[in-house]
Colleague: 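Take this structure first; my questions come after.
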Amino acid sequence: MNSWSWLLKTLCRAFEALFFPPRCLVCGKPIKTPPLCKDCHTQLPWNRNACPLCARPYPPKVPPHPCGECLEPRAFDRVVAPFRYEPPVSRWLKSLKFRENFVLARDLGLLLKGALAEEGPFDLVIPVPLSSKRRRARGFNQSALLARWAWGSFQEILYRQRDTRPQSELSAAERKRNVRGAFALKKPLDLSGKHLLLVDDIFTTGATVEECARVLKEAGASRVTVAVVARA
Ligand SMILES: [Zn+2]
Ligand SMILES: [Zn+2]
C-alpha cells in the first residue's frame, strides 16, 4: 500500500470513529458518550481486586496484598489494568491486534484513560514498540493506537533492537529470556526525574513491560507506570 492510500484509509477510519454516533461497545445501543451503556458497564470483567503493584487479579474476597512476584523489586512501579483478560475484553483485544479497528481503539483507549484518572501527571506516554518486521506486516502498533486515543499524543522513544519470538508461544521463563536486551532507546535521553507512562494492550507475565521499564529506569526515569487494557 502506498503512503497516500494509507493516509486516506487512516483519515476515513478516524472520521468514522469521530463522527459516527457512538454505540455501546457491548450491546451496540446508541449512547451519548462512548464507550459503554449503563447496563453493560456492570457486566464486564473489571479487575477490581488485584495486586496493588502489578494488578494480578485475585479471587473476590481475598484482601489486596502484594503478590509473590512483587515481593522482589520490579522494574516498573505500578501497573493499571482496568480489566481481567476474559471475554468480551479478550475478544476485543484480538480484534484490535489483527484488524485495524479505530472505533475499538478509541473505546478501549477511553476506558484505559478513565482507569488512570487518579495517576499521573505523566511527562511522557510511551507505547511498547513492535519489531519493525511485525510493524510492517501489521501496518500499525496497537499500543500506539491506544495511546493516541487515550492521551492524544505519544513518544516512540523505545525500539526493538532485535526480533523476538511472539511471547504467546512461550513459557514464563522463556518469555523473560526472549525479551532480555530486546529494547533500547532510539537515541540517548536523560529521563532523570520523569514519571513515564508505558502503554501496552495486555499484561501476561509482564516480561515485555518489565524489560522496557528497565531500559527507561537505566536512563534515569524516577517512576514508570504501566497501563494495559487487560491483565491475564
Ligand atoms: Zn450496552
Ligand atoms: Zn504483583
Side-chain angles (χ1 to χ4, degrees), residues 16-17 20-96 101-116 118-119 128 149 167 170-173 175-176 179 195-214 216-217 221 223-232:
E16 189 181 282
F20 268 56
R23 290 177 177 280
C24 171
L25 193 52
V26 180
C27 68
K29 207 161 70 181
I31 45 175
K32 278 213 177 81
T33 41
L36 296 170
C37 78
K38 279 203 188 84
D39 297 336
C40 293
H41 198 273
T42 54
Q43 289 170 31
L44 292 176
W46 296 98
N47 187 22
R48 291 222 168 90
N49 195 29
C51 169
L53 281 123
C54 74
R56 175 193 219 124
Y58 292 148
K61 292 188 188 153
V62 171
H65 61 278
C67 73
E69 283 200 62
C70 289
L71 296 176
E72 302 279 321
R74 307 199 74 160
F76 50 74
D77 295 274
R78 181 165 150 70
V79 178
V80 177
F83 297 110
R84 300 189 302 271
Y85 190 67
E86 291 169 15
V89 178
S90 48
R91 206 169 54 236
W92 294 339
L93 288 175
K94 278 181 199 138
S95 169
L96 179 68
N101 184 330
F102 277 78
V103 176
L104 201 50
R106 175 198 64 187
D107 289 353
L108 294 179
L110 288 173
L111 287 166
L112 199 52
K113 189 180 182 182
L116 280 119
E118 313 270 287
E119 315 285 326
V128 168
W149 282 108
Q167 293 285 80
L170 306 173
S171 72
R175 284 172 188 235
K176 272 194 187 153
V179 293
H195 182 185
L196 308 179
L197 181 66
L198 190 59
V199 182
D200 208 354
D201 50 353
I202 167 177
F203 183 121
T204 308
T205 64
T208 302
V209 290
E210 190 121 27
E211 189 61 20
C212 289
R214 197 183 59 72
L216 297 171
K217 284 282 174 79
R223 191 171 165 83
V224 176
T225 297
V226 176
V228 293
V229 174
R231 179 70 163 90

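Quick caveat: nothing in here was measured; it's all calculated off a predicted structure. Numbering starts at 1 and runs along the sequence shown. In each ligand, atom 1 is the first atom listed, and ligand 1 is the first ligand listed. The figures that follow rest on heavy atoms only: side chains count, while hydrogens, waters and symmetry mates do not.
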Colleague: Within a reach of under 6.0 Å around CZ of R74, are more than 12 heavy atoms found that belong to other residues, nucleotides or ligands?
Modeller: yes
Colleague: Which angle, to the nearest 10 degrees, do you find at the Zn ion (ligand 2) between SG in C67 and SG in C54?
Modeller: 100°
Colleague: With side chains defined as the heavy atoms from C-beta onward, is the minimum distance between L110 and W149 less than 4.5 Å?
Modeller: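 They are not in contact (no side-chain heavy atoms under 4.5 Å apart), so the answer is no.
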Colleague: Between SG of C40 and SG of C24, what angle is found at the Zn ion (ligand 1), rounded to 10 degrees?
Modeller: 110°
Colleague: Does K176 NZ have over 12 foreign heavy atoms under 6.0 Å away?
Modeller: no
Colleague: Using side-chain heavy atoms (C-beta onward) and a distance below 4.5 Å, is V89 in contact with R84?
Modeller: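 The answer is no; the side chains never approach within 4.5 Å.
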Colleague: Quick check: does C27 put an N/O/S atom under 2.8 Å from the Zn ion (ligand 1)?
Modeller: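 Yes, since at least one N, O or S atom of C27 sits under 2.8 Å from the Zn ion (ligand 1).
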